[in-house]
**Q** 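Once you've had a glance at the structure underneath, I'll fire off some questions.
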Amino acid sequence: MASSPSGSLVSADVRRHNLALVAHRLAQQGPLSRSQLADVTGLARGSVTALVAALVEAGVVRESEEPEAAPRGSASRGRPLTLLRLAADDVALLVLQLDADQATAVLTAVDGRALFRASEHHGRPMGDPGRVLDVLARVLARTLDAAAGLGRRVVDLTVVVFAPIGGTPPVLVADTDFEWGEVDVLGGLRQRVPELPPATLASDGTVAALAELAELEAAGSGVRDLVYAKSNSGIGGAVVAEGALVAGAHEFAGAFGHIAVDPRGPRCLCGQRGCLVTVAGPDVVLAAAGLTAEVAERGLTEALRELVARINAGEPAASAAWEAALPWIAHALRIVSMTVDPEVVVLGGYWAELAGSIAEAFAQNGPAIASTATAIAVVPGRLGEDAALIGAARVARGALLDDPLALATVHPTSVTI
Ligand SMILES: [Zn+2]
C-alpha cells in the first residue's frame, strides 16, 4: 500500500475510517479500555493506542481510572483500569421538529444523552407559514440559549418536517396539514435566527423509518427491506431497501400520502386527484368521525388519540369513518408493496395503534402468488410519537461520529499517527 502512488491518500482514508470506528464503538459500548476497544473493533492494540491518543488530544475522548473488578475468590482489589469514554463536552446536536400541533426541540450530547427539551404549540393557523415559523424560531432560540448556558455549541441542527421535501435548496412541498404548498423552512428560520447552526431539512417519515429499522436490527430481526408508513401530521413514510433509505430522484420516495388512489377523488394541493391523504388523511377521518371540533380545541394529536379510543370502543361514527378509510390505506400499501417488495411494513403515528385492522385489510387483497413464507408482515412501530426525533438525532450523531476530529475542542493540527 505504501509503495503505491496514492499510498498516503489510502492511509488517510484508512485512518479516517478507523477513527470513526473507534468513536462509534465508544458511543455504543463505552466506556471501554484500550484492550476492549481493540477486541470490539478488530484493530491491533498499537493502532488503537495511536487512534485514541489523537482523540484524547482533540478532547473528543476522555480517560478515567476506575478500579478493575477483582477476580472471583480473590482478596486483592484489582489494578486500576483506564477507561475511555466520549467527551466532546462542549458540543451538542439539536433536532427541531415541526408537526401539526407543535414545535419541539431536543438537544443531545454526542453520546446520545438528552440535555434539554422544549416545545410550544402553534395552534395550526392554516395557510400562514409565517406564524408557524415564528413559533419554530422561538423554540429554536430558546434551545440555543439553553445550549450556551450548558457551555455547548450546537454543531448540527436537523429540522424535521411533516411533509415531503424537495428542490435545491430543499423546501417543504405538497403540505396538506397547513395548506402551505411550498415553504422554505430553513430560509425562514435563518431570517428569524441569524446565528443558525449548520442545518439540514428532513422529512419525518424518513428519519422515523431509520429509527424503526435500527430497533428491528437491535432486536435481531435481520430486516433489510422495509416500508414505513405513518399517519399523524398527514400521511407519509419511507422505503428502505437493503438497509438504505431510497430517496428517489426528487426525494419524493415514501410520500405515500400523495399516491393517487382514486382517479375520481378530490383535487389535492399537490395538483393530483384522489391522493390517499384526500380520502384517508387524518383530517378526513376525524371529520367523518365527528371529531373536527376536538382538533380545534385540543390539537391533532389529542384528537387522534380520542379517535383510536372510540374505534377500539366500537363507537359507531368513529368505526364507520375508520371502515371507510381502511380500504384506501390497504390499497395504497398494496401498491407500495408490489412496487418495492419489502419484508415488513412498519406502521407509525396513530396507525400503529390500529395495526391489527390495517394488517387484516392489507391481507384481504393479497396476491395468491405470495405463499405464507413470502407474505409481507404489517406491524406497529416500536418507538411511538418520538420516532422521528429519535431517528433524526441518531442520523446526525452517526454523521458526526464518522468524522470525530471535527468535534475537536482544540484543533489537533499537531497530531499525527
Ligand atoms: Zn397529493
Side-chain angles (χ1 to χ4, degrees), residues 1-66 81-95 107-113 115 147 151-158 197-200 207 210-211 213-214 217-218 243-245 390-417:
M1 200 184 288
S3 62
S4 88
S6 61
S8 60
L9 279 179
V10 172
S11 61
D13 277 350
V14 169
R15 176 174 179 267
R16 218 175 358 255
H17 172 267
N18 289 343
L19 282 165
L21 187 59
V22 166
H24 277 277
R25 284 287 173 263
L26 284 176
Q28 287 160 6
Q29 293 165 269
L32 296 169
S33 69
R34 283 178 176 74
S35 62
Q36 287 168 330
L37 204 44
D39 288 345
V40 298
T41 57
L43 295 169
R45 279 293 296 270
S47 183
V48 165
T49 301
L51 293 162
V52 165
L55 292 167
V56 168
E57 181 161 345
V60 179
V61 166
R62 190 172 47 232
E63 296 179 290
S64 61
E65 299 262 308
E66 310 204 1
L81 190 65
T82 304
L83 291 181
L84 305 160
R85 64 187 83 226
L86 276 186
D89 296 329
D90 64 340
V91 298
L93 296 84
L94 206 167
V95 178
L107 190 72
T108 54
V110 174
D111 63 7
R113 252 176 323 124
L115 301 167
R152 293 176 184 257
R153 86 195 134 91
V154 174
V155 291
D156 185 275
L157 167 65
T158 307
T200 49
V207 281
L210 291 175
L213 177 71
E217 278 172 353
L245 212 52
I390 293 168
R394 202 185 301 234
V395 169
R397 195 162 69 242
L400 288 180
L401 294 174
D402 282 345
D403 187 13
L405 289 185
L407 298 168
T409 45
V410 181
H411 200 68
T413 45
S414 63
V415 176
T416 50
I417 293 182

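Counting from 1, the numbers follow the sequence of the chain as shown. Being a predicted model, the structure only gives us computed values, none of them experimental.
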**Q** Could you tell me which non-hydrogen atom of Leu83 sits nearest to which non-hydrogen atom of Pro31, and how far apart they are?
**A**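 It is CB-CB, 4.1 Å.
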**Q** Within the distance-only criterion (no hydrogens, no angle test), does the side chain of Arg152 pair as donor or acceptor with the backbone N or O of Val91 below 3.5 angstrom?
**A** yes
**Q** Identify the two heavy atoms, one from Leu43 and one from Val22, that lie closest to each other, and give their separation to 0.1 Å.
**A**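 Between these two residues, the closest heavy atoms are CD1-CG2, 4.2 Å.
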**Q** Does the distance from a Lys or Arg side-chain N to an Asp or Glu carboxylate O, for Asp111 and Arg85, drop under 4.0 Å?
**A**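 Salt bridge absent between Asp111 and Arg85.
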**Q** Would you sort out whether Gln28 and Val40 count as a side chain to side chain contact (heavy atoms under 4.5 Å, CB included), showing the intermediate values?
**A** CA-CA 11 Å; Gln28 287 160 6; Val40 298; over 6 Å; no
**Q** At what distance, to the nearest 0.5 angstrom, does CG of Leu21 lie from CZ of Arg16?
**A** 14.5 Å
**Q** Mind listing the closest non-hydrogen atom pair of Asp402 and Pro404 along with its distance?
**A** C-CD, 3.5 Å
**Q** Work out which heavy atom in Val154 is nearest to a heavy atom in Pro197; give both atom names and the distance.
**A** O-CB, 3.6 Å
**Q** To the nearest 0.5 Å, what is the distance between CZ on Arg153 and CG on Leu94?
**A**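 Rounded to the nearest 0.5 Å, the CZ-CG separation comes out at 14.0 Å.
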**Q** Using side-chain heavy atoms (C-beta onward) and a distance below 4.5 Å, is Thr108 in contact with Leu115?
**A**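 Not in contact.
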**Q** How close do Ala392 and Val207 get, counting heavy atoms only, and between which atoms?
**A**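 Taking Ala392 first and Val207 second, the nearest heavy atoms are N-CB, 3.6 Å.
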**Q** Taking C-beta and beyond as the side chain, do Thr158 and Val395 meet within less than 4.5 Å on heavy atoms?
**A** no
**Q** Would Leu210 and Arg394 count as a side chain to side chain contact (heavy atoms under 4.5 Å, CB included) here? Give the steps.
**A** CA-CA 9 Å; Leu210 291 175; Arg394 202 185 301 234; over 6 Å; no
**Q** Tell me the closest heavy-atom pair linking Ala54 and Arg15, and the distance in Å.
**A**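 Shortest heavy-atom separation between Ala54 and Arg15 comes out as CB-NH2, 4.1 Å.
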**Q** Taking side chain as C-beta onward, heavy atoms only, is Leu401 less than 4.5 Å from Leu86?
**A** yes
**Q** Side chain to side chain contact (heavy atoms under 4.5 Å, CB included), that's the test. Do Leu405 and Leu55 meet it? Break it down for me.
**A** CA-CA 7 Å; Leu405 289 185; Leu55 292 167; 3.9 Å; yes
**Q** For Leu84 and Leu32, what are the C-alpha separation, side-chain angles and deciding distance, and is it a side chain to side chain contact (heavy atoms under 4.5 Å, CB included)?
**A** CA-CA 5 Å; Leu84 305 160; Leu32 296 169; 5.7 Å; no
**Q** May I have all residue pairs that pass salt bridge (charged side-chain N to carboxylate O under 4.0 Å, His left out) and include part of residues 18-36, sequence neighbours excluded?
**A**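 Residue pairs passing salt bridge (charged side-chain N to carboxylate O under 4.0 Å, His left out), neighbours aside: Arg34-Glu63.
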**Q** Report the distance from atom CG of Asp39 to atom CD of Gln29, rounding to the nearest 0.5 Å.
**A** 10.5 Å
**Q** Distance check, rounded to the nearest 0.5 Å: Leu400 atom CG versus Asp156 atom CG?
**A** 5.5 Å
